[in-house]
Enquirer: 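I have a structure here, written as structure tokens, and I will follow up with some questions on it.
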Amino acid sequence: MKEHINAMVYASTEEAFSRAFDSAKELVRHKPATLQKLEDFAQQKRLYAQYIIDRTVGTLGPKGNAAAEQNHSSIVHHLGPVCYDDPVEEIRGLMVRERELVNKKNQELALSKLQAEAACAKDSFFLQNPSARDAKLALCDKAYDLFYDQYELSKQYTAEALADGSTKLCNVLAPGSQPRIIGPNERCRCKECTVMVMVQCRHELAKNGRKFDKNEWDERHWRRAKVWGKMKRRDVVTAGAVAGDGNNLEEVAV
């Protein structure tokens with residue numbers, strides 16, 4: 001059974017999923033309760049089936065919510081797994097922690113921006129490659145690294161405009177490989193780039209002459225000037241707060 005369940009989870013096509021599901025049902029066809037649980041599991045395939053996740057835009061490929069786990073872990077680490085403090089004090093502790101993290105992040109963002117501007121003004125690579133310069137200034141550091149990788153890989157392709165407005169891309173390092181066709185006004189369907197991560201892929205860069213297009217990068221990849229905390233209200237104070245004592249949300253929150 002475990003083998004068939006794994007095959008359902010990692011199925012690359014609908015047909016592969018159906019075959020694994022049918023095989024699993026055959027094993028438990030004389031156990032109605034187990035069969036029902038299996039069918040209920042199959043009904044939830046949108047949450048785990050590889051072939052569905054692969055074609056879902058913006059998933060980044062994961063099968064869980066890592067952000068939620070990280071947030072919970074951070075809270076437990078800061079307050080402790082068991083805390084008997086007053087709820088107001090617990091909340092205030094989280095707000096102070098948030099302020100510290102936001103301030104630290106904003107310092108990192110400011111430094112990163114200055115370093116990017118300095119590199120674009122002096123580095124010969126950026127002076128000779130306007131597209132790379134635009135990407136360096138517009139994208140966060142991690143996203144720029146991704147752009148650079150795709151930019152270099154795009155040099156492996158030749159682009160040919162077809163009569164119907166489509167573009168034919170051929171890999172010069174693999175002459176016998178199947179060419180990729182991108183239709184007019186269409187995005188490439190690269191699973192690992194345009195679908196999961198929502199960025200320009202090597203094929204799109206090759207298609208448009210390796211020009212950076214910020215609009216083809218999801219906003220999560222853009223360079224940010226500043227981040228904000230969740231507690232942004234400036235008109236709320238805790239009961240009995242005194243100006244300057246740190247209890248005012250104006251002082252605690254960012």
Side-chain angles (χ1 to χ4, degrees), residues 1-73 140 142-143 145-147 149-154 156-157 159 162 164-171 173-207 213 215-221:
M1 175 61 74
K2 182 178 180 180
E3 177 183 350
H4 299 310
I5 294 296
N6 283 339
M8 292 169 64
V9 171
Y10 296 107
S12 58
T13 63
E14 176 74 33
E15 293 73 18
F17 180 90
S18 298
R19 287 196 300 270
F21 180 40
D22 291 340
S23 298
K25 287 195 297 184
E26 185 63 26
L27 290 178
V28 296
R29 59 191 178 92
H30 298 303
K31 300 178 180 179
T34 305
L35 180 60
Q36 184 59 53
K37 290 181 179 179
L38 178 64
E39 290 177 344
D40 291 343
F41 177 70
Q43 288 295 321
Q44 299 296 318
K45 61 183 179 180
R46 63 182 180 81
L47 301 177
Y48 61 82
Q50 185 69 54
Y51 76 96
I52 295 178
I53 291 175
D54 284 350
R55 69 191 186 197
T56 303
V57 174
T59 62
L60 301 180
K63 299 183 180 63
N65 193 337
E69 294 293 337
Q70 291 170 350
N71 288 339
H72 177 260
S73 176
C140 68
K142 186 174 181 179
D145 290 340
L146 180 57
F147 166 83
D149 291 341
Q150 296 301 310
Y151 179 85
E152 290 298 312
L153 289 171
S154 71
Q156 300 176 6
Y157 294 84
L162 303 180
D164 63 355
S166 299
T167 302
K168 177 181 178 181
L169 300 165
C170 297
N171 190 333
L173 300 183
S177 62
Q178 183 73 20
R180 182 175 293 260
I181 306 296
I182 302 179
N185 302 317
E186 289 184 357
R187 296 293 305 272
C188 181
R189 296 297 295 174
C190 274
K191 179 182 73 174
E192 69 277 10
C193 288
T194 55
V195 177
M196 287 186 179
V197 191
M198 303 170 73
V199 303
Q200 273 182 297
C201 69
R202 66 200 73 175
H203 308 108
E204 292 178 331
L205 285 167
K207 174 187 175 183
D213 185 348
N215 293 324
E216 293 189 351
W217 290 73
D218 187 69
E219 190 172 349
R220 75 182 74 175
H221 301 294

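A quick note: this is a predicted structure, and the numbers were derived from the prediction, not measured.
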Enquirer: Would you compute the distance between atom CG of D54 and atom CZ of R189 and round it to the nearest 0.5 angstrom?
Expert: 11.0 Å

Enquirer: With side chains defined as the heavy atoms from C-beta onward, is the minimum distance between T56 and R46 less than 4.5 Å?
Expert: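 T56 does not reach R46 side chain to side chain.
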
Enquirer: State the SG-CD distance between C193 and E216, to the nearest 0.5 angstrom.
Expert: 12.0 Å

Enquirer: In Å and rounded to the nearest 0.5 Å, what is the NE2 to CD1 distance from H203 to I181?
Expert: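 That separation rounds to 11.0 Å.
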
Enquirer: Considering only heavy atoms from C-beta outward, does the side chain of L205 approach that of Y157 to under 4.5 Å?
Expert: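 Not touching, per the 4.5 Å side-chain cut-off.
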
Enquirer: Identify the two heavy atoms, one from G165 and one from P184, that lie closest to each other, and give their separation to 0.1 Å.
Expert: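 What the structure gives for the nearest pair is O-CB, 3.6 Å.
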
Enquirer: Nearest 0.5 angstrom please: R29 CZ to D22 CG, how far?
Expert: 13.0 Å

Enquirer: Could you tell me which non-hydrogen atom of T194 sits nearest to which non-hydrogen atom of C188, and how far apart they are?
Expert: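 Looks like OG1-O, 2.7 Å.
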
Enquirer: D40 and Q44: side-chain donor and acceptor closer than 3.5 Å?
Expert: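 No, no side-chain donor-acceptor pair sits under 3.5 Å.
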
Enquirer: How far apart are the closest heavy atoms of K207 and A159, and which atoms are they?
Expert: CA-CB, 4.3 Å

Enquirer: With a 4.5 Å limit on heavy-atom distance, are the side chains of K25 and L35 in contact?
Expert: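 Yes, their side chains come closer than 4.5 Å.
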
Enquirer: Taking the side chain as every heavy atom from C-beta outward, state whether Y51 and K45 have any pair of such atoms under 4.5 Å apart.
Expert: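 Y51 vs K45: side chains touch.
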
Enquirer: Within the side chain of Q200, is there an N or O that forms a donor-acceptor pair under 3.5 Å with the backbone of D213?
Expert: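 Indeed, once roles are kept as given, a pair shorter than 3.5 Å links the two residues.
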
Enquirer: Quick one, L38 and L27 - any side-chain contact, counting heavy atoms below 4.5 Å?
Expert: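 SC-SC contact between L38 and L27 ruled out.
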
Enquirer: Determine, for F41 and K37, whether the Lys NZ or Arg CZ falls below 6.0 Å from the six-membered ring centre while staying within 45 degrees of the axis.
Expert: no

Enquirer: Measuring from Q156:CD to S177:OG, what's the distance to the nearest 0.5 Å?
Expert: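 Taking CD in Q156 and OG in S177, the distance rounds to 10.0 Å.
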
Enquirer: Could you pull out the closest heavy-atom pair between A24 and M1, with the gap in Å?
Expert: O-CE, 3.6 Å

Enquirer: Within the structure provided, determine whether R180 and C190 are in side-chain contact (heavy-atom separation under 4.5 Å).
Expert: yes

Enquirer: A side-chain contact here means heavy atoms from C-beta on lying under 4.5 Å apart; do M198 and R220 qualify?
Expert: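 A side-chain contact under 4.5 Å exists here.
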
Enquirer: When rounded to the nearest 0.5 angstrom, what is the spacing between CD in E152 and CZ in F147?
Expert: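 Answer for the CD-CZ pair, E152 versus F147, is 9.5 Å.
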
Enquirer: With sequence neighbours left out, what residues match F17 under ring-ring contact (aromatic ring centres under 6.0 Å, His included)?
Expert: none

